[in-house]
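Down below is the structure, laid out as structure tokens.
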Amino acid sequence: MLQFVVFVSLTLFFLMVLIKRRNARKKIRTGFVENGQQFEAYLCEIFRRAGYRVHPTKLSHDFGADLLIENNGKLVVLQAKYYNKPIDTSAVEEAVVAGAIYGTGFVGIVTNNEIPERVKEFARQFEGKTFVRKFYLIDGPTLERLRRKERII
């Protein structure tokens with residue numbers, strides 16, 4: 001009986017260690033972010049540290065814009081997506097609508113995850129064929145570059 005209790009205890013301990021390690025890797029990549037609101041605050045901070053002027057929008061009724069970035073006289077409207085899976089094309093649509101409402105042709109998506117090729121292609125369709133002059137696609141690895149204060153916009 002004692003051997004069984006020890007076995008179960010050790011098994012539970014190792015499971016907890018594995019879960020903590022997996023969560024720690026995720027938090028290192030996104031700066032201890034656990035939800036969309038924290039992700040937006042995190043983005044504001046790393047864009048500011050990289051030298052951009054950042055204006056967060058309201059948390060709701062923001063017309064799809066989560067961050068307004070000023071850079072060299074241009075306004076960039078970004079849609080932030082903190083997901084545990086890759087984003088889909090609806091994020092592109094939201095960013096384009098936000099750009100139209102805020103009157104800028106510079107729009108984009110920033111996500112902690114990956115951006116599938118079909119979403120990239122869908123975003124490229126808006127460049128040059130609509131008012132969108134540049135569509136920024138910022139994924140997890142690009143966020144790491146921004147965290148190192150590299151200019152990405």
Side-chain angles (χ1 to χ4, degrees), residues 12-127 130-153:
L12 289 173
F13 173 76
F14 284 117
L15 281 174
M16 288 174 50
V17 167
L18 287 174
I19 290 170
K20 279 188 157 205
R21 287 185 72 200
R22 186 191 66 190
N23 289 342
R25 272 184 264 145
K26 181 178 178 184
K27 290 180 180 179
I28 287 169
R29 195 175 42 183
T30 57
F32 299 99
V33 172
E34 295 182 6
N35 60 46
Q37 288 178 339
Q38 290 176 359
F39 185 57
E40 288 180 30
Y42 170 73
L43 292 173
C44 285
E45 183 62 29
I46 64 172
F47 270 102
R48 281 190 185 110
R49 286 183 184 173
Y52 297 97
R53 291 186 64 199
V54 181
H55 307 282
T57 61
K58 300 181 292 186
L59 293 176
S60 60
H61 308 295
D62 57 13
F63 304 107
D66 294 314
L67 298 172
L68 305 175
I69 309 289
E70 286 184 59
N71 185 41
N72 295 328
K74 67 181 176 187
L75 176 67
V76 180
V77 175
L78 293 177
Q79 172 64 232
K81 295 293 183 187
Y82 183 75
Y83 287 165
N84 60 1
K85 61 183 180 180
I87 62 170
D88 61 22
T89 57
S90 66
V92 172
E93 294 166 347
E94 291 173 19
V96 170
V97 169
I101 290 172
Y102 283 89
T104 184
F106 300 97
V107 298
I109 301 166
V110 57
T111 181
N112 62 307
N113 214 304
E114 67 183 79
I115 300 174
E117 193 57 42
R118 65 183 170 75
V119 174
K120 291 176 185 177
E121 183 57 36
F122 186 61
R124 283 187 215 111
Q125 296 298 316
F126 287 93
E127 288 184 353
T130 66
F131 69 94
V132 176
R133 293 176 59 194
K134 176 70 177 162
F135 204 111
Y136 296 95
L137 297 166
I138 304 167
D139 58 5
T142 308
L143 277 179
E144 284 302 314
R145 289 181 31 222
L146 181 65
R147 237 171 50 100
R148 292 188 307 266
K149 300 182 183 176
E150 289 181 37
R151 304 290 283 189
I152 61 172
I153 292 180

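Count residues from 1 along the sequence.
- To the nearest 0.5 angstrom, Thr89 atom OG1 is 10.0 Å from Glu94 atom CD.
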Check against side-chain contact (heavy atoms from CB on, under 4.5 Å), Leu78 and Val107: CA-CA 6 Å; Leu78 293 177; Val107 298; over 6 Å; no
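- Two residues are said to be in side-chain contact when any heavy atoms from C-beta on lie closer than 4.5 Å; Tyr102 and Val97 fail this criterion.
- What you find for Ile109 and Ala95 is that their closest heavy atoms are CG1-CB, 4.3 Å.
- Contact detail for Phe135 and Gly108: the closest heavy-atom pair is CE2-CA, 3.9 Å.
- The CD atom of Glu127 lies 5.5 Å from the NZ atom of Lys134; values are rounded to the nearest 0.5 Å.
- Ring pair Phe47/Tyr52 is perpendicular by interplanar angle, where above 60° counts as perpendicular and below 30° as parallel.
- Note that CZ of Phe122 is 14.0 Å distant from CD1 of Ile115, once rounded to the nearest 0.5 Å.
- Nearest heavy-atom pair, Glu114 versus Asp139, reported as atom, atom and distance to 0.1 Å: CA-CB, 4.4 Å.
- For the atom pair Phe131 CZ and Phe126 CZ, the distance stands at 8.5 Å (nearest 0.5 Å).
- The NZ atom of Lys120 sits 7.5 Å away from atom CG of Leu137, with the distance rounded to the nearest 0.5 Å.
- Residues Asn71 and Arg53 are not in side-chain contact: their nearest non-hydrogen atoms beyond the backbone lie 4.5 Å or more apart.
- Using a 4.5 Å heavy-atom threshold, the side chains of Pro116 and Ile87 count as touching.
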Steps toward side-chain contact (heavy atoms from CB on, under 4.5 Å) verdict (Val92, Val119): CA-CA 7 Å; Val92 172; Val119 174; 3.7 Å; yes
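- The shortest heavy-atom contact between Ala65 and Thr57 is O-OG1, 2.5 Å.
- Ion pairing of Arg124 with Glu121 is present here, as a side-chain N (NZ or NE/NH1/NH2) and a carboxylate O approach within less than 4.0 Å.
- The line from CZ of Arg148 to CD1 of Ile46 is 11.0 Å long, rounded to the nearest 0.5 Å.
- Taking the side chain as every heavy atom from C-beta outward, Leu67 and Cys44 approach each other to under 4.5 Å.
- Contact annotation: the side chain of Arg145 approaches that of Ile152 to within less than 4.5 Å [non-hydrogen atoms, C-beta and beyond].
- Between Val96 and Glu93 the shortest side-chain heavy-atom distance does not fall below 4.5 Å.
- Below 30°, between 30° and 60°, or above 60°: for Phe39 and Tyr42 the angle between ring planes is below 30°, a parallel geometry.
- Side-chain contact between Ile153 and Tyr136: present, with at least one pair of heavy atoms (C-beta onward) separated by less than 4.5 Å.
- Comment: Glu45 does not engage Arg48 in a salt bridge, judged by the lack of any side-chain N to carboxylate O separation of less than 4.0 angstrom.
- Asn113 and Thr111 share no side-chain donor-acceptor pair at under 3.5 Å.
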Leu68 and Leu75: CA distance, side-chain angles, deciding distance, side-chain contact (heavy atoms from CB on, under 4.5 Å) verdict: CA-CA 7 Å; Leu68 305 175; Leu75 176 67; 3.8 Å; yes
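- Closest non-hydrogen pair, Ala91 versus Gln79, comes out as O-CG, 4.2 Å.
- You'll find the side chain of Val110 reaches within 4.5 Å of the side chain of Leu143, heavy atoms only.
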